[in-house]
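Letters A, B, ... are given to chains in the order of the sequence lines, protein chains preceding strands, and every chain is numbered from 1.
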Protein chains: 2
Amino acid sequence: MPQREPLSAERVVDAALAVADRDGIAGLSMRSVGRELGVEAMSLYHHVAGKDALVGAVVERVVGEIGRPALDVPWREAVARRCRDVRAVLRAHPWSLGLLESRRAPGPALLLHHEAMLECLRRGGFSVVDAAHAFSVLDAYVYGFALTEQHLPFEPGEGADAMVEEMALPRDAFPRLAEMVDELVAGRAYDYGDEFEWGLALVLDGLEARLAR
Amino acid sequence: MPQREPLSAERVVDAALAVADRDGIAGLSMRSVGRELGVEAMSLYHHVAGKDALVGAVVERVVGEIGRPALDVPWREAVARRCRDVRAVLRAHPWSLGLLESRRAPGPALLLHHEAMLECLRRGGFSVVDAAHAFSVLDAYVYGFALTEQHLPFEPGEGADAMVEEMALPRDAFPRLAEMVDELVAGRAYDYGDEFEWGLALVLDGLEARLAR
DNA sequence: ACCTGAACACCGTTCAAGT
DNA sequence: ACCTGAACACCGTTCAAGT
């Protein structure tokens, strides 16, 4: 019977990430992470300062999954890829968005992402101030989309039918919602996820226009 | 000594809102709400089904603070007002954004807001499908801005100086962030909150262009 | 040096008991 | 009908004790 692998900050973060991915944010506790490692919760305190620090490290790990920037393509394409990357990461770890609020200062991984985004924009010809503006809109859009996407009353593949049932709209009180649901259901194959590209293109068009003037 | 006001669902929600506004989301517990009302936590269960239901009711109350739509103005102005309204409400109750994740189906107040937004857009001439697109971008942008605004490493009025200190950027590793901070500090009076209008105008311009074509 | 048992001050919730 | 005390199964964290 092999000796138990010794604990380390890295293994604790690994375990916490696994627990969060499996059981969501509500299932992440010092005790559950300990259980995951076959160890008492108190042992974790020798490797992480506390739950806040652990959560911070897990968020940092997730942010680190955002791909490295492509600098050999036009700014619009480079920026679009980063945005898709961020959305993909936030979708893979839905619980991480809610965790952002417990962090105050951004960690190095998030700063690296910000830096990469600004680099793409500056190379594209944006002034420092406009790059700051552009970063702000893009960041808000991507985070916000991930947030709304997460709280949809239906599953991505499921289409809009489920939504109609789930919320049972009184048509006369909500005519605009009703016609929208009708049309989306009638048009079949509506995937809310497609909205991401529509909005992203709109924002990028807007930035292009600002750049030209 | 006056008889104690009898408990009611409404009074419980009032108290929960007061606790959340004062102590944040972490301070909101059945026991703390009970304390706020001078009552044991267990008494609350006679008026709300449980914590989830209470949280739902509190969110519903907050969403209800979003103003009624102005339908006698051009769509662009009407939509802009609603967006500013939503942002203001989310800023007044910063903890509510994090609470959205615990809700599955949107309550009537949120549906009313969605309906109002769609009404503005449809009156402006957007097709059903384009109104859905437009709603999606706007919603994502506003929520996302509120989210990023909430996690700024510095206080709104404080300017960017605090940010520089707080995160102590190694300039050579983050040249783009460094130049940005420099310029914003040099330019004085940078208020991140101003970014909201810049991005909102960009999104609305984009929608206007889509409407015209 | 690393791990843990017991303890403390908290959670949400149930249920039988009080008025 | 409305409120509550005691209890249960959980939290994060401290600290003295074990190896």
Check whether any side-chain N or O of B/S32 sits under 3.5 Å from a backbone N or O of B/G27 as a donor-acceptor pair, and report yes or no. yes
Can you find a donor-acceptor N/O pair under 3.5 angstrom joining the side chain of B/H46 to the base of D/dC2?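 Donor-acceptor pair under 3.5 Å: no.
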Could you check which of D/dA7, C/dT4, C/dG12 has an atom nearest any side-chain atom of B/Y45?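 Comparing D/dA7, C/dT4, C/dG12 against the side chain of B/Y45, the answer is C/dG12.
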According to the Watson-Crick and G-U wobble definitions, with both distances under 3.5 Å, which nucleotide is paired to D/dC11?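 No nucleotide pairs with D/dC11.
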Does any nucleotide pair with D/dA1 by Watson-Crick or G-U wobble geometry, both distances under 3.5 Å, and what is it?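 Checking every strand shown, D/dA1 finds its partner in C/dT19, with both distances under 3.5 Å.
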Please check the phosphate of C/dC2 (OP1 and OP2 only) for any side-chain N or O of A/S43 closer than 4.0 Å. no
So, is A/H47 near the phosphate of C/dC2, with a side-chain N or O under 4.0 Å from OP1 or OP2?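 Result: no.
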Using a 6.0 Å cut-off, check whether atom CD of B/E197 has over 12 heavy atoms from anything other than its own residue. yes
Taking atom CD as the centre, does B/E10 end up with more than 12 heavy-atom neighbours from other residues, nucleotides or ligands that are less than 6.0 angstrom away?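 Count not over threshold, so no.
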Atom-pair distance (CD on B/E40; P on C/dT19), nearest Å: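 Atom-to-atom, B/E40 to C/dT19, this comes out as 15 Å.
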Give me, pair by pair, the N or O atoms of the protein and of nucleotides 8-11 of chain D that are less than 3.5 Å apart, along with how far apart they are.
from   : atom 1 : to    : atom 2 : distance (Å)
D/dC11 : OP1    : A/S29 : OG     : 3.4
D/dC11 : N4     : A/R31 : NH2    : 3.4

Establish, for the pair A/R87 and A/F196, whether the NZ or CZ atom is under 6.0 angstrom from the six-membered ring centre and no further than 45 degrees off its axis.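 Ring-cation test returns yes.
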